[in-house]
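Just below is one structure, and these are the notes that go with it.
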Protein chains: 2
Amino acid sequence: MGITKTIGFTKETNDMAEVLKALGHPARLAIMQLLMKSNSCICGDLVEELPLAQSTVSKHLSELKKAGLIKGTITGKNLCYCIDEVGFEKIKYFFQNVTKHLDKNKTTLFQMFFENIK
Amino acid sequence: MGITKTIGFTKETNDMAEVLKALGHPARLAIMQLLMKSNSCICGDLVEELPLAQSTVSKHLSELKKAGLIKGTITGKNLCYCIDEVGFEKIKYFFQNVTKHLDKNKTTLFQMFFENIK
DNA sequence: TTCCCATATCGCAATATTACGATAATAGTT
DNA sequence: AACTATTATCGTAATATTGCGATATGGGAA
């Protein structure tokens, strides 16, 4: 088949899966990391930083945009990309559940993890 | 092509992407949520909870195992699955970076997100 | 307008993913 | 040993994903 079943799962689960799937690719993750490193938006030099053709980078950017993880705005002559909060909103619920699970099970490794988060 | 390029990215990025990719499917996400909800390991009734054939569930379980997100142990006569910390260890770095980014940019939505985490 | 630059889209080929039924393998039970 | 229940694997068909080159598109600059 190749088609992902979505019926029988909650909307939250499906939405969340979509965001995580968007993050689940080295190039897209690298893009997110580059956007995080730079204070302001990155304007186009992403192609130079990544080991991929321009058309491929462009496609990955549009997928991140579709998932609500980044925003692209035109400022004068440059197109600028920066992180969008919408996508992260979606996975909030999942990580809340992770936390609950940890609280119940007191897994130290996990707690270390969240300590680092803050 | 269909093949994901990994050369040119750091090992951390590639590892992380693999874990996030494993989570980026409704069925696998639902499995993780079911495992989190139950205090102990879930023993086999996963197939009944999911709208998928037994063979499909089994494959998803093996992919989660491969990603280090779950562990399967044989206890007496039943095979029990529970959450493994290894996978989450891998995405720790990514979320640390998210935090740094937030600290710098003071995005309130994001901060709400991490408040909920604790 | 014409040229140039940056980005997006198209078309394609190769490969991966998803799902299912059928079958195997494994372990406990009778 | 034979039977049963549970989980894994195989074979498969359909579809999705990835990546690239080529081409289009849109906005400044000349």
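So that the names make sense, note that chain A is the first sequence line, chain B the second, and so on, each numbered from 1.
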Could you tabulate the donor-acceptor pairs under 3.5 Å formed by side-chain atoms of residues 19-30 of chain A, not counting sequence neighbours?
from  : atom 1 : to    : atom 2 : distance (Å)
A:H25 : ND1    : A:A27 : N      : 3.0
A:R28 : NE     : A:A22 : O      : 2.6
A:R28 : NH1    : A:H60 : ND1    : 3.0
A:R28 : NH1    : A:E63 : OE1    : 3.2

Discussion item. Taking any heavy-atom pair under 4.0 Å as a contact, classify A:T4: base, sugar-phosphate, or nothing.
Written reply: sugar-phosphate
Discussion item. Please report the distance, rounded to the nearest Å, between CD in A:E49 and P in C:dT7.
Written reply: 13 Å
Worksheet item: Looking at the side chain of B:K65, which of C:dA8, D:dG19, D:dA8 is the nearest nucleotide?
Response: D:dA8
Worksheet item: Whole Å only: how far is the CD atom of A:E18 from the P atom of C:dT17?
Response: 18 Å
Give every donor-acceptor pair under 3.5 Å between a side-chain atom in residues 2-10 of chain B and any protein atom, sequence neighbours left out.
from  : atom 1 : to    : atom 2 : distance (Å)
B:K5  : NZ     : A:P51 : O      : 3.0
B:T10 : OG1    : B:T13 : N      : 3.1
B:T10 : OG1    : B:T13 : OG1    : 2.9

Item to complete: Tell me which nucleotide among D:dT18, C:dC20, C:dA8 gets nearest to the side chain of A:L61.
Response: C:dA8
Discussion item. Nearest heavy atom decides the nucleotide; on that basis, is A:H25 or A:Q54 closer to the 5' end of DNA chain D?
Written reply: A:H25
Fill in: Pairwise 5' ranking along DNA chain D for B:S55 and A:K21, keeping only the more 5' one
B:S55
Discussion item. At less than 4.0 Å, is any side-chain N or O atom of A:S58 found next to OP1 or OP2 of C:dA8? Yes or no.
Written reply: yes
Worksheet item: Nearest of D:dT18, C:dA16, D:dT7 to any side-chain atom of B:Y81?
Response: D:dT7
Response to the item:
CE of A:M32 to CE of B:M16, rounded to nearest 0.5 Å, is 12.0 Å
Worksheet entry | Residue-phosphate contact under 4.0 Å: B:H60 side-chain N/O, C:dT17 OP1/OP2 | no
Item to complete: Enter the distance from B:I70:CD1 to B:C82:SG here, rounded to the nearest 0.5 Å.
Response: 8.5 Å
Discussion item. Which nucleotide wins on minimum distance to the side chain of A:A53, given the candidates C:dA19, D:dT17, D:dG21?
Written reply: D:dG21
Discussion item. Under 4.0 Å, heavy atoms only, any strand: does A:K5 hit a base, just the sugar-phosphate, or nothing?
Written reply: sugar-phosphate
